[in-house]
Amino acid sequence: MLYPAAAKFIMRGKEVPMESIISDLVNNFEKGSLSRRELVCGLAMLAAGGTAAAQEDIDFKSADIDHVSIHVADLQRSVDFYQKMFGFSVVSQDQPGGIIRLGNTKVLVSLNHGSPAGLVDHFAIGIPRFSRESAARYLTQRGATPLEGDCAGLHVKDPDGINVQISQR
């Protein structure tokens, strides 16, 4: 079975189990009131809807560290270091904000002109199927207070006050 029995859809204002919808489609096909094409189309629509519903759930089992954001005293000196030492290139930058993001194909380190230098501003955990709503719900259900960040994702403070960003992988 592709979906858990608990999967439900809203039809005509009521929650209906997916299993019931599939059963109705198959029964109508067997009675001849649905063509094979209509059956396949109905099942495909269910699958697409089920995928969208499943994507609302946050899954930290496949999470990874997306990037680390640090304060630096001299942006150019730090950019030169990361380029020379690791071969990183500039992925993006926010010149008015004093931020340069470096990596290979994605951001690995975000350099922020600020003080005290050497301070880790935050680290980001990247997760698939991220949405602000589902991340906020997930964090709140576990007793944390989600905080809006100035960039992508949501933030939460760990017990020692470290800022953890949760964002799309």
Legend entry - Which atom of F130 lies closest to which atom of S167, heavy atoms considered: CG-C, 3.8 Å
Legend entry - Check: D158 side chain, D160 main-chain N or O, donor-acceptor pair, under 3.5 Å: yes
Inset, instruction - Tell me, please, which residues at least two apart from D64 pass salt bridge (charged side-chain N to carboxylate O under 4.0 Å, His left out). - result: R169
Legend entry - F81 side, atom CZ; L111 side, atom CG - distance, nearest 0.5 Å: 10.5 Å
Inset, instruction - Looking only at non-hydrogen atoms, find the nearest pair between H67 and V107 and report the distance. - result: CB-O, 3.7 Å
Legend entry - Geometric class of the Y82/F88 ring pair [parallel <30°, tilted 30-60°, perpendicular >60°]: parallel
Legend entry - Spatial distance of atom CG (L154) from atom CD (Q165) [nearest 0.5 Å]: 9.0 Å
Legend entry - R137 backbone acceptor or donor facing T140 side chain under 3.5 Å: no
Inset, instruction - Find out if a path of hydrophobic residues (ILVMFWY) with successive side-chain heavy-atom gaps under 4.5 Å connects V91 to V68. - result: no
Inset, instruction - Answer yes or no: is there a side-chain heavy-atom contact under 4.5 Å between I127 and I166? - result: yes
Legend entry - Minimum-distance pair of heavy atoms, taken over all atoms of N104 and G87: OD1-O, 4.0 Å
Inset, instruction - Measure the spacing between NE2 of H113 and CG of D94 and express it to the nearest 0.5 Å. - result: 13.5 Å
Legend entry - Single-linkage hydrophobic cluster, 4.5 Å side-chain cutoff, V72 and F123 together: yes
Inset, instruction - Show your working on side-chain contact (heavy atoms from CB on, under 4.5 Å) between R101 and K106 and close with a plain yes or no. - result: CA-CA 9 Å; R101 298 173 192 93; K106 69 174 200 133; over 6 Å; no
Inset, instruction - Give a yes or no answer on whether the side chain of H71 reaches the backbone of D121 with a donor-acceptor pair at less than 3.5 Å. - result: no
Inset, instruction - Quick one: pull up OG in S89 and CD in Q83 and give me the separation to the nearest 0.5 Å. - result: 7.0 Å
Inset, instruction - Evaluate whether atom CD of Q95 has more than 12 neighbouring non-hydrogen atoms of other residues, nucleotides or ligands under 6.0 angstrom away. - result: no
Inset, instruction - Using the rule that two of Ile, Leu, Val, Met, Phe, Trp, Tyr join whenever any of their side-chain heavy atoms come within less than 4.5 Å, decide whether L119 and L75 are in one cluster. - result: no
Legend entry - Distance, nearest 0.5 Å, that separates CD1 of I99 from OG of S92: 9.0 Å
